[in-house]
> 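Just dropping this structure here.
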There are 2 protein chains.
Amino acid sequence: MLQNGNYEAIFSRIPIYIEYLKTYEEEYISATIIANSLGLGEVQVRKDLAKISFGGKPKIGYEVKSLLDDLSSYMGFDKLTKAVIVGMGRLGEALFHYLGFDRINLKIVAAFDVCDKYNSLDEFKSICEKHNVKIGIITVPEESAQATADLMVSSGIKAIWNFSSSSLKVPNNILVKNENMANSLSVLIRLMNNL
Amino acid sequence: MLQNGNYEAIFSRIPIYIEYLKTYEEEYISATIIANSLGLGEVQVRKDLAKISFGGKPKIGYEVKSLLDDLSSYMGFDKLTKAVIVGMGRLGEALFHYLGFDRINLKIVAAFDVCDKYNSLDEFKSICEKHNVKIGIITVPEESAQATADLMVSSGIKAIWNFSSSSLKVPNNILVKNENMANSLSVLIRLMNNL
DNA sequence: TGTATATCGATAAAGATATATCGATATAAC
DNA sequence: GTTATATCGATATATCTTTATCGATATACA
Ligand SMILES: NC(=O)c1ccc[n+]([C@@H]2O[C@H](COP(=O)([O-])OP(=O)(O)OC[C@H]3O[C@@H](n4cnc5c(N)ncnc54)[C@H](O)[C@@H]3O)[C@@H](O)[C@H]2O)c1
Ligand SMILES: NC(=O)c1ccc[n+]([C@@H]2O[C@H](COP(=O)([O-])OP(=O)(O)OC[C@H]3O[C@@H](n4cnc5c(N)ncnc54)[C@H](O)[C@@H]3O)[C@@H](O)[C@H]2O)c1
């Protein structure tokens, strides 16, 4: 199942480095500059980079271009990842039209719903197999979430991004990332009340 | 600024306990049952509960009702929290109509957009002050995000839930939680490619 | 009443993550 | 050339988080 919540902390920083580096015009950049720009510790930045890329030069820093390449391929952004989405209601529509997945090289190749404006679920398996789809996005109502997950698993999908608040039962080799918005917001409420 | 990403880990587990407990019919529950149902370690559950609630009884467990109360008030769900949302495009609409915020006792009291179907930004400050709004949700395009944040700060908002991928500059006493969906999904891509 | 057991809480150990310190080095300035 | 300095990488320390262990206790049952 691998129902993760806490991943290696570094994984969530790399995309931030990448975004920042894309805006950086010089040929070289130091860990100090990255750290200060992003509000992180410079030792942490240096350690992250050391883990992924080749060394920087004292007094100079890291070469931006090759750093970007290394970070991107570390995250898997160098390869196109294909996804499908099931449940084309308000949230599904929003995600389907969102342009921001481009920069992580993710493409939503098909959208499914019970309503016939979209691909029918009958075609789900064949479309997934044809495109070798790896990621399934679940934006159906709670009560349909488990059935949708089952369909995804039986269609060869390897990872599920779940926006319903159902906790899905899936085989051990399938990744599930729950994107529970209310829970995420509640962390903010808690922190706020603490101040 | 408090531009957090890694909060106390416990904060993100409490809402999960709460959801689970709401479905639990018995009068008492043990850490063992919670842990097994949610795929967590039982020592971890016991430690979390010990931090927040009064003790359980050996061989019996914790009283569900009072546990729920304690966890809810720890998270701040016992008080109504008011939010506003700015940017009523696809994502803004989805969030505005989402019913799941009820269970964390959050109410979106007003929705703003440049389009006149919604509240006008001219009224932003007065509405926020009138309702004593604490949380601002940003779902405007990138280029308007910082201006929106500024408006929120100057209208007395204490915490911002930011869906744009701009990194916002705000005063030190304002909380910002970036909900960068592409970055979140990229963690899943990374984990998947690792298997 | 005594024994077995599920469970708790406390303490200890392990693991993960973040921060601090410092010598080495590449460049720049003198 | 020598010196000053920004930066790196390595090592050490600190903090946070999770997991393991174990004695104490409330109940169930013989
Ligand atoms: N709207 C939000 O901001 C938001 C936020 C967080 C989580 N969610 C969750 O995301 C899910 C969708 O939310 P929404 O607001 O878009 O709801 P919605 O009602 O607008 O959309 C649900 C869509 O799923 C379709 N559907 C229903 N059963 C289906 C099935 N078996 N197979 C395929 N499609 C099916 C419906 O036709 C509809 O188009 C819900 O589980 C909700 O709790 C929504
Ligand atoms: N759609 C998604 O699934 C998704 C996912 C993650 C992040 N985002 C981000 O959320 C934001 C909104 O995305 P969307 O898909 O809803 O876009 P959208 O274009 O559908 O909606 C943007 C809305 O903001 C309004 N707007 C523009 N400038 C404004 C201003 N200054 N003040 C108030 N309203 C203003 C527009 O009128 C429009 O209604 C973007 O920053 C996007 O990158 C979207």
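Order of the sequence lines fixes the chain letters, A, B, ..., with proteins taken first and strands second; residue numbering starts at 1 for each chain.
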> Tell me whether the side-chain N/O atoms of Y28(A) come closer than 4.0 Å to OP1 or OP2 in dC8(D).
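No, outside the criterion.
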> So for atom NZ, which belongs to K22(A), do other residues, nucleotides or ligands contribute more than 12 heavy atoms lying within a distance under 6.0 Å?
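Yes, enclosed.
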> Can you give me every donor-acceptor pair (side chain of residues 47-59 of chain A, partner residue at least two apart or in another chain, under 3.5 Å) with its distance?
from, atom 1, to, atom 2, distance (Å)
D48(A), OD1, R13(A), NH2, 3.0
D48(A), OD2, R13(A), NE, 2.7
D48(A), OD2, R13(A), NH2, 3.2
D48(A), OD2, Y17(A), OH, 2.6
K51(A), NZ, E8(A), OE1, 3.4
S53(A), OG, D70(A), OD2, 2.6

> Rounded to whole angstroms, how far apart are CD on Q44(B) and P on dC16(D)?
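For the pair Q44(B) CD and dC16(D) P, the rounded distance is 16 Å.
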> With distance as the sole test, does E42(B) use its side chain to make a donor-acceptor pair with the main-chain N or O of N36(B) at under 3.5 Å?
no
> Please report, rounded to the nearest Å, how far the P atom of dA16(C) is from the CD atom of E8(B).
20 Å
> Using heavy atoms to find the nearest nucleotide of DNA chain C for V43(B) and T32(B) separately, return the residue whose nucleotide is more 5′.
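This one resolves to T32(B).
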> Find which nucleotide of DNA chain D each of K47(B) and Y62(A) is nearest to by heavy atoms, and output the residue with the more 5' nucleotide.
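Closest to the 5' end, via its nearest nucleotide, is Y62(A).
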> Can you check the E63(B) CD to dC8(C) C1' distance for me, whole Å?
16 Å
> Quickly work out the E42(A) CD to dC22(C) P distance and round it to whole Å.
15 Å
> Nearest 0.5 Å please: distance from the CG atom of L71(A) over to the CD1 atom of I18(A).
5.0 Å
> I want to check something: taking the side chain as every heavy atom from C-beta on, are N132(B) and K82(B) in contact at a cut-off of under 4.5 Å?
no
> Please report, to 0.1 Å, the donor-acceptor pairs under 3.5 Å made by any side chain of residues 84-110 of chain B, with sequence neighbours excluded.
from, atom 1, to, atom 2, distance (Å)
R90(B), NE, H97(A), ND1, 3.4
E93(B), OE1, H97(B), ND1, 3.1
E93(B), OE2, Y118(B), OH, 2.0
H97(B), ND1, R90(A), NE, 3.4
H97(B), ND1, E93(B), O, 2.9
R103(B), NH1, N183(A), OD1, 3.3
R103(B), NH1, E19(B), OE2, 3.4
R103(B), NH2, N180(A), OD1, 3.1
R103(B), NH2, N183(A), OD1, 3.3
N105(B), ND2, F77(B), O, 3.0

> When the distance from CD1 of I10(A) to C1' of dA18(C) is rounded to whole Å, what number comes out?
12 Å
> L67(A) CG to dC8(D) C1': how many Å, rounded?
14 Å
> Answer yes or no: does a side-chain N or O of S30(B) lie under 4.0 Å from OP1 or OP2 of dT7(C)?
yes
> May I have the distance from I29(B) (atom CD1) to dT7(C) (atom C1'), rounded to whole angstrom?
13 Å
> Is a side-chain donor or acceptor of T23(B) paired with a backbone partner of Y20(B) at a separation under 3.5 angstrom?
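Side chain of T23(B) to backbone of Y20(B), a donor-acceptor pair under 3.5 Å: yes, one is there.
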> Near DNA chain D, which residues from residues 50-60 of chain B have a heavy atom under 4.0 Å away?
P58(B), K59(B), I60(B)
> Whole-Å distance between dT17(D) C1' and F11(B) CZ?
14 Å
> Should R46(A) be listed as having a side-chain N or O under 4.0 Å from OP1 or OP2 of dG9(D)?
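False: R46(A) side-chain N/O out of range (4.0 Å or more) of dG9(D) OP1/OP2.
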